[in-house]
Amino acid sequence: MNKREAIVLFLFMSVAVVAVMLSLVSTKLAIAFILGLVVAMVTFVKPIYGLVLYIFHLLFYPQEFLAPLRQIRSMLLLASIVLLSFFIHKIFRRERIAMFSRKQDILMFLLLAIVPASNIINFRLGASFTGFMDFLTVYFLYFMIANIIDDYDKLRLFSRVVVTCIVVLAANGVIQHFRGVDMMGVAPVLGRVRWVGVMSDPNDFALAIVSFFPFIFVPIMDARTPKYQRVALVPALVVLLAAIYFSNSRGGFLALLAVLTLFSFKRWGALRGVLVGVFFVLVGVVLSPSRMDQLSPYESSASGRIDAWVAGLSMLKHHPILGVGFKNFIIFHVRAAHSAYVNCFAELGIVGYFVWLALVFTSFSGLAGPQKERTPGYETYAGMLQMSLTGFMVGAFFLSQTYGPVLYILIGLSALVASNPETNIRRGALLTFKEAWKVAAIALGSIAFYQIMALFY
């Protein structure tokens with residue numbers, strides 16, 4: 001027996017001993033230990049597989065159906081295992097980990113610090129710790145995407161996994177519509193299809209689908225895509241559109257129109273883009289969900305949203321710096337903010353709102369960088385991500401998705417594509433003075449817009 005074989009045998013025996021000892025305390029604990037060890041070993045060898053497993057867990061949300069997973073905060077635990085294994089992988093390979101090399105890296109870290117600070121300043125120490133742990137999962141998600149994916153093959157693999165998951169969930173939603181219950185026993189809400197976890201609300205379900213719609217739509221419309229691939233993607237596109245329609249989400253539908261309009265601008269230019277965009281809007285009006293004809297400031301759902309926006313403005317007025325605290329909007333108002341923007345400036349104040357908008361702004365601006373700096377594959381992803389972010393931010397106007405993981409998947413991918421790890425593009429890790437002024441103008445302009453909406457209402 002050589003030295004390497006002896007080390008492997010020793011490790012397996014150690015694991016077996018620990019597993020047996022844990023089984024004396026709890027069989028579930030022993031199983032969790034073994035599964036965690038398997039994940040750690042897989043991630044150590046191929047970190048991208050750990051990230052893929054985490055995305056499966058995030059989107060399919062097994063803890064909804066397995067109570068023990070909820071008790072151990074499985075999302076945070078899995079993210080911690082994957083990240084620890086990734087760090088060990090990097091140390092063994094003597095490779096550098098870029099912690100703060102991009103604008104989004106620093107802004108995400110600042111947001112992670114602002115989340116607990118927003119509760120500490122309001123003397124909610126318990127909520128501060130809970131909020132930090134909640135947002136830490138989102139921060140880990142961003143960090144894993146921006147760092148584990150370090151070449152084009154991993155980017156393509158990850159994107160295909162995410163899109164495949166979304167298509168499967170959309171198909172499940174279509175089944176739910178026609179059967180009255182889906183494959184896992186989840187039923188629609190007032191006839192509107194949904195999933196569980198981060199997509200338990202029909203509106204959030206539709207927005208998640210719209211956010212990854214460009215990853216199917218763009219290749220179909222791209223003449224460079226092989227014909228057989230374009231034909232194969234058409235059924236998936238139909239499934240996505242059907243799921244959005246059956247969700248009966250007005251915000252999701254408007255987000256889809258925004259994606260199609262931006263696509264027409266990018267494909268056919270300003271003049272023809274306007275004409276095609278108008279065509280999409282007209283077709284959309286004819287085929288829109290049934291609830292679109294109820295869209296009015298005086299309709300109960302819409303008026304409730306405006307009431308929430310007024311409440312959010314009041315919270316900002318009385319807590320201007322760091323807001324009323326992370327996830328505390330519902331304490332000060334009877335319902336959710338129904339706007340990611342209002343939710344952000346109400347809970348995190350003008351400081352948190354600036355950082356959050358800067359995250360989105362730098363992602364857009366990074367994707368709009370010179371094409372000559374990118375390989376063709378990265379440039380394609382840059383265009384798709386611009387559409388995805390546009391769709392999400394339009395839909396987020398109506399939904400409290402400030403901290404939703406879908407946004408941070410898009411931001412992580414945007415940071416990755418903008419920096420293009422294969423050519424190592426460097427754009428500076430700090431906001432320039434010009435960028436800061438633009439973000440400040442967007443922040444103040446959006447707050448003024450909500451104020452005007454409140455006055456007219």
Side-chain angles (χ1 to χ4, degrees), residues 163 166 170 199 201-222 237 240-289 291-293 295 302 305 309 338-344 356-357 359-361 363-368 380-402 404 406-411 413-414 442 445-446 449-450 453:
V163 172
I166 293 295
M199 291 177 268
D201 183 275
N203 296 311
D204 298 337
F205 181 61
L207 186 57
I209 295 173
V210 172
S211 296
F212 295 101
F213 176 83
F215 287 73
I216 297 288
F217 181 69
V218 171
I220 290 176
M221 300 297 290
D222 191 345
L237 184 71
L240 295 184
L241 291 173
I244 294 170
Y245 184 82
F246 292 142
S247 72
N248 210 359
S249 170
R250 292 175 291 196
F253 180 73
L254 293 174
L256 177 62
L257 288 182
V259 169
L260 294 174
T261 301
L262 179 58
F263 173 82
S264 65
F265 271 62
K266 292 173 71 67
R267 171 60 65 88
W268 294 292
L271 181 58
R272 286 191 296 174
V274 169
L275 296 176
V276 177
V278 169
F279 171 77
F280 281 138
V281 171
L282 292 177
V283 172
V285 169
V286 175
L287 301 177
S288 62
R291 295 170 69 245
M292 286 298 290
D293 59 9
L295 193 59
R305 278 182 167 84
W309 298 348
H338 285 290
S339 169
Y341 305 88
V342 174
N343 190 69
C344 188
W356 185 75
L357 284 177
L359 265 172
V360 179
F361 177 83
S363 297
F364 270 112
S365 61
L367 294 171
T380 300
Y381 277 102
M384 292 190 296
L385 284 166
Q386 281 182 318
M387 290 178 239
S388 293
L389 279 170
T390 298
F392 185 93
M393 297 311 292
V394 168
F397 181 85
F398 306 97
L399 302 173
S400 304
Q401 281 290 302
T402 312
V406 171
L407 172 61
Y408 297 93
I409 292 174
L410 297 178
I411 289 176
L413 289 174
S414 299
I442 294 170
S446 58
F449 170 80
Y450 281 107
M453 288 284 291

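Treat the numbers as computed from the prediction; the structure is a model and nothing was measured.
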Inset, instruction - Could you walk me through whether L389 and F364 pass side-chain contact (heavy atoms from CB on, under 4.5 Å), step by step? - result: CA-CA 8 Å; L389 279 170; F364 270 112; 3.4 Å; yes

Legend entry - L240 vs V210, side-chain contact (heavy atoms from CB on, under 4.5 Å): CA-CA, chis, key distance, verdict: CA-CA 8 Å; L240 295 184; V210 172; over 6 Å; no

Inset, instruction - Decide side-chain contact (heavy atoms from CB on, under 4.5 Å) for Q401 and N343; before the verdict, give the C-alpha distance in whole Å, the side-chain angles of both, and the deciding distance to 0.1 Å. - result: CA-CA 8 Å; Q401 281 290 302; N343 190 69; over 6 Å; no

Rounded to the nearest 0.5 Å, what separation is found between the [atom1] atom of [X] and the [atom2] atom of [Y]?
{"X": "F246", "Y": "L241", "atom1": "CZ", "atom2": "CG", "result": "11.0 Å"}
{"X": "N203", "Y": "L399", "atom1": "CG", "atom2": "CG", "result": "5.0 Å"}
{"X": "F253", "Y": "F398", "atom1": "CZ", "atom2": "CZ", "result": "12.0 Å"}
{"X": "S249", "Y": "L256", "atom1": "OG", "atom2": "CG", "result": "10.5 Å"}
{"X": "L357", "Y": "I442", "atom1": "CG", "atom2": "CD1", "result": "6.5 Å"}
{"X": "I409", "Y": "L413", "atom1": "CD1", "atom2": "CG", "result": "7.5 Å"}

Contact between [X] and [Y] at the side-chain level, heavy atoms closer than 4.5 Å - yes or no?
{"X": "P202", "Y": "N248", "result": "no"}
{"X": "F392", "Y": "V259", "result": "no"}
{"X": "P214", "Y": "Q386", "result": "no"}

Inset, instruction - Could you please spell out the steps behind the side-chain contact (heavy atoms from CB on, under 4.5 Å) verdict for F213 and M387? - result: CA-CA 9 Å; F213 176 83; M387 290 178 239; over 6 Å; no

Where is the tightest heavy-atom contact between [X] and [Y], given as atom of each residue plus distance?
{"X": "Y408", "Y": "T402", "value": "OH-O, 2.8 Å"}
{"X": "L207", "Y": "A396", "value": "CD2-N, 4.2 Å"}
{"X": "S247", "Y": "F205", "value": "CB-CD2, 4.5 Å"}
{"X": "S211", "Y": "S388", "value": "O-OG, 2.6 Å"}
{"X": "I166", "Y": "I209", "value": "CG2-CA, 4.0 Å"}
{"X": "G395", "Y": "A255", "value": "N-CB, 3.9 Å"}

Legend entry - Whether S400 side chain and A340 backbone form a donor-acceptor pair below 3.5 Å: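 No: the side chain of S400 does not pair with the backbone of A340.
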
Inset, instruction - Determine whether the aromatic ring centres of F397 and F449 lie less than 6.0 Å apart. - result: yes

Inset, instruction - Evaluate the criterion ring pair (Phe, Tyr, Trp, His ring centres under 6.0 Å) for residue pair W356 and Y341; output intermediate values, then yes/no. - result: CA-CA 9 Å; W356 185 75; Y341 305 88; 5.6 Å; yes

